[in-house]
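These notes concern the structure reproduced below.
Just the heavy atoms: all of them, side chains too, but no hydrogens, waters or symmetry mates, feed the values below.
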Amino acid sequence: MGNDLFGLFEGGALRLPGKTADFAGIPWVRHPDFAGVEMKHIVTAEDTGGAVSLHLVRVAPGKAIGSHAHKAQLEIHEVISGSGECVHGGAEVRYEAGVVSVIRQGAPHEVRAGKDGLFLLAKFIPALR
């Protein structure tokens, strides 16, 4: 599963005062609950004192992040590439490159990848722990 735009983003770097990390050196981690979903934990709770976390997420073609909710976090999805949809707030939101979606704290939601997979930058406020 690949895309030039996602490849450029995946090859980026985190730059904080006193810390630099190349994204390529951050391992992909399989999601513990959803098959075909992997994440790179780019900015963690430890980096921000718990204020925010950022995660690159890739969902394999035809796979999904099943219905779930984050009781304590607002979640923002920035679609980097691929396609799919997110169901939240009683509506289906079409995901394609350039789309930004905001999921309210405690709102159940599900993300499904299309035939080319789906690549997101997911932000959590406060940080996902």
Side-chain angles (χ1 to χ4, degrees):
M1 189 168 33
N3 176 290
D4 287 346
L5 180 58
F6 187 77
L8 288 172
F9 200 90
E10 187 180 19
L14 169 65
R15 301 232 162 77
L16 298 171
K19 179 179 179 180
T20 299
D22 291 332
F23 293 170
I26 299 171
W28 284 104
V29 178
R30 289 183 181 164
H31 195 286
D33 298 321
F34 305 113
V37 178
E38 296 177 297
M39 302 173 293
K40 278 190 183 223
H41 304 298
I42 302 299
V43 176
T44 66
E46 292 76 27
D47 294 323
T48 65
V52 64
S53 64
L54 284 76
H55 312 266
L56 278 179
V57 179
R58 63 182 177 192
V59 185
K63 298 296 184 179
I65 301 170
S67 185
H68 67 287
H70 301 281
K71 187 174 183 179
Q73 289 89 10
L74 173 78
E75 184 173 357
I76 301 168
H77 292 164
E78 295 180 22
V79 181
I80 299 168
S81 66
S83 64
E85 55 269 339
C86 181
V87 178
H88 68 92
E92 187 173 287
V93 177
R94 180 82 183 128
Y95 272 16
E96 56 195 15
V99 168
V100 174
S101 182
V102 178
I103 302 162
R104 294 180 185 213
Q105 182 177 342
H109 56 286
E110 176 180 358
V111 177
R112 298 184 298 252
K115 65 180 176 80
D116 297 323
L118 186 60
F119 306 89
L120 308 170
L121 178 62
K123 301 175 182 180
F124 294 87
I125 305 164
L128 192 63
R129 293 189 181 260

Query - Carboxylate-amine/guanidinium contact R112 E92, below 4.0 Å - result: yes

Please tabulate, one pair per line, all N/O donor-acceptor pairs under 3.5 Å involving side-chain atoms of residues 69-77, not counting sequence neighbours.
residue	atom	partner	partner atom	Å
H70	NE2	H68	NE2	3.2
H70	NE2	E75	OE1	3.2
Q73	NE2	A127	O	3.1
E75	OE1	H109	NE2	2.8
E75	OE2	H77	NE2	2.6
H77	ND1	Y95	OH	2.6

Between side-chain atoms of residues 29-36 and protein atoms elsewhere (two or more places apart, or another chain), which donor-acceptor pairs fall under 3.5 Å?
residue	atom	partner	partner atom	Å
H31	ND1	D33	N	3.0
H31	ND1	F34	N	3.4

Requested in this report: Consider only side-chain heavy atoms of I, L, V, M, F, W and Y, link residues closer than 4.5 Å, and tell whether V102 and V87 are in one cluster.
Outcome: no

Query raised in the report: Where is the tightest heavy-atom contact between P27 and K40, given as atom of each residue plus distance?
Result: O-CG, 3.7 Å

Query raised in the report: Between V59 and V93, is there a shared hydrophobic cluster once you connect ILVMFWY residues whose side-chain heavy atoms come closer than 4.5 Å?
Result: yes

Query raised in the report: Is L56 close to I26 at the side-chain level, that is, under 4.5 Å between some pair of heavy atoms?
Result: no

Report task. Determine the minimum heavy-atom distance between S81 and A97, stating which atoms define it. Result -> CA-CB, 4.2 Å

Query raised in the report: Hydrophobic clusters join Ile, Leu, Val, Met, Phe, Trp and Tyr when side-chain heavy atoms are under 4.5 Å apart, directly or via other members; which others share one with L128?
Result: F124

Query raised in the report: Once you round to the nearest 0.5 Å, how far does CD of Q105 lie from CD1 of I125?
Result: 11.0 Å

Query raised in the report: How many angstroms lie between CD in E96 and CG in D116, if you round to the nearest 0.5 Å?
Result: 12.0 Å

Query raised in the report: Is there a side-chain contact between C86 and V111 (heavy atoms, below 4.5 Å)?
Result: yes

Query - Exercise: identify the closest heavy-atom pair between E110 and A64 - result: OE2-CB, 4.3 Å

Requested in this report: Could you pull out the closest heavy-atom pair between L120 and I80, with the gap in Å?
Outcome: C-CD1, 3.9 Å

Query raised in the report: Could you walk me through whether S53 and R129 pass the side chain to side chain contact (heavy atoms under 4.5 Å, CB included) check?
Result: CA-CA 8 Å; S53 64; R129 293 189 181 260; over 6 Å; no

Report task. Start with the C-alpha gap between L14 and D47, add the side-chain angles, then the distance that decides, and say whether side chain to side chain contact (heavy atoms under 4.5 Å, CB included) holds. Result -> CA-CA 11 Å; L14 169 65; D47 294 323; 4.3 Å; yes

